[in-house]
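Only this structure's heavy atoms are used, side chains among them; waters, hydrogens and symmetry mates stay out.
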Amino acid sequence: QVQLVESGGGSVQSGGSLRLSCAASGYTYSSYYMAWFRQAPGKERAGVAAIDSIGSTAYTDSVKGRFTISQDNAKNTLYLQMNSLKPEDTAMYYCAAGGMTIVQDLGVLSVLGYTDWGQGTHVTVSS
């Protein structure tokens with residue numbers, strides 16, 4: 001049973017930074033994608049950034065140049081460094097994991113291919 005536990009959310013002013021972490025355990029994928037999604041009130045959950053087991057990354061356009069996804073395989077931890085935060089980044093942020101083939105087939109920033117999800121950590125950015 002895969003467990004994903006997010007941490008690092010909080011409140012920050014516009015222009016500030018936060019680093020989210022996702023501790024993973026019970027992993028069985030030999031090749032995989034891990035990703036960060038976010039969901040603002042009244043909106044659908046949307047992909048923010050993804051990384052595969054060999055380190056290839058993908059970002060949604062609105063965060064390119066501001067957010068960086070990374071992973072520490074020794075610690076089984078996924079990170080999202082968020083800089084130059086904007087009020088529109090306010091959302092619940094979720095960590096997700098899925099097998100590489102199905103994620104690639106369905107879209108690396110689509111919720112459809114990810115089978116394991118954390119409980120989320122909230123980020124609030126004030127203007």
- Qualifying residue, where the test is side chain to side chain contact (heavy atoms under 4.5 Å, CB included) with Val12 and the options are Asp89, Thr124, Val125, Thr90: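 Exactly one candidate clears the test, Val125.
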- Task: Let me know which of Gln81, Arg66, Met82 forms a side chain to side chain contact (heavy atoms under 4.5 Å, CB included) with Ser17.
- Result: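 Looking at Gln81, Arg66, Met82, the match for Ser17 under the side chain to side chain contact (heavy atoms under 4.5 Å, CB included) is Gln81.
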If you take all heavy atoms of [X] and [Y], which pair is closest and at what distance?
X	Y	result
Thr121	Leu20	CG2-CD2, 4.0 Å
Ser14	Pro87	OG-CD, 3.8 Å
Ser53	Met100	OG-CE, 3.4 Å
Ile69	Tyr59	N-OH, 2.9 Å
Met92	Gly120	SD-C, 3.7 Å
Leu18	Val123	CD1-CG1, 3.9 Å

Rounded to the nearest 0.5 Å, what separation is found between the [atom1] atom of [X] and the [atom2] atom of [Y]?
X	Y	atom1	atom2	result
Glu6	Cys22	CD	SG	5.0 Å
Ser110	Asp105	OG	CG	11.5 Å
Tyr32	Thr101	OH	OG1	14.5 Å
Met34	Asp52	CE	CG	12.0 Å
Gln13	Ser127	CD	OG	9.0 Å
Asn83	Thr68	CG	OG1	6.5 Å

- Let me see the working for Lys64 and Asp61 under salt bridge (Lys or Arg N to Asp or Glu O under 4.0 Å), right down to the final yes or no. CA-CA 5 Å; Lys64 286 179 181 177; Asp61 286 346; 3.0 Å; yes
- Item | Worked verdict on Arg38 versus Val63 for side chain to side chain contact (heavy atoms under 4.5 Å, CB included) | CA-CA 12 Å; Arg38 65 186 179 187; Val63 308; 4.0 Å; yes
- Message: Please determine whether residues Val5 and Tyr79 belong to a single hydrophobic cluster, defined as Ile, Leu, Val, Met, Phe, Trp and Tyr linked transitively by side-chain heavy-atom distances below 4.5 Å.
- Response: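 Each belongs to a different hydrophobic cluster.
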Within the 4.5 Å heavy-atom criterion, are [X] and [Y] side-chain neighbours or not?
X	Y	answer
Tyr114	Phe37	yes
Leu4	Tyr94	no
Cys95	Trp117	no

- Message: Tell me if the CD atom of Glu88 is crowded by more than 12 foreign heavy atoms within 6.0 Å.
- Response: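 Yes, the 6.0 Å shell around CD holds more than 12 heavy atoms from other groups.
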- Query: Within a reach of under 6.0 Å around CD of Gln119, are more than 12 heavy atoms found that belong to other residues, nucleotides or ligands?
  - Reply: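 Atom CD in Gln119 is not crowded, with 12 or fewer foreign heavy atoms closer than 6.0 Å.
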- Hey, mind stepping through Leu78 and Trp36 against side chain to side chain contact (heavy atoms under 4.5 Å, CB included) and telling me if it holds? CA-CA 9 Å; Leu78 179 73; Trp36 290 97; 3.4 Å; yes
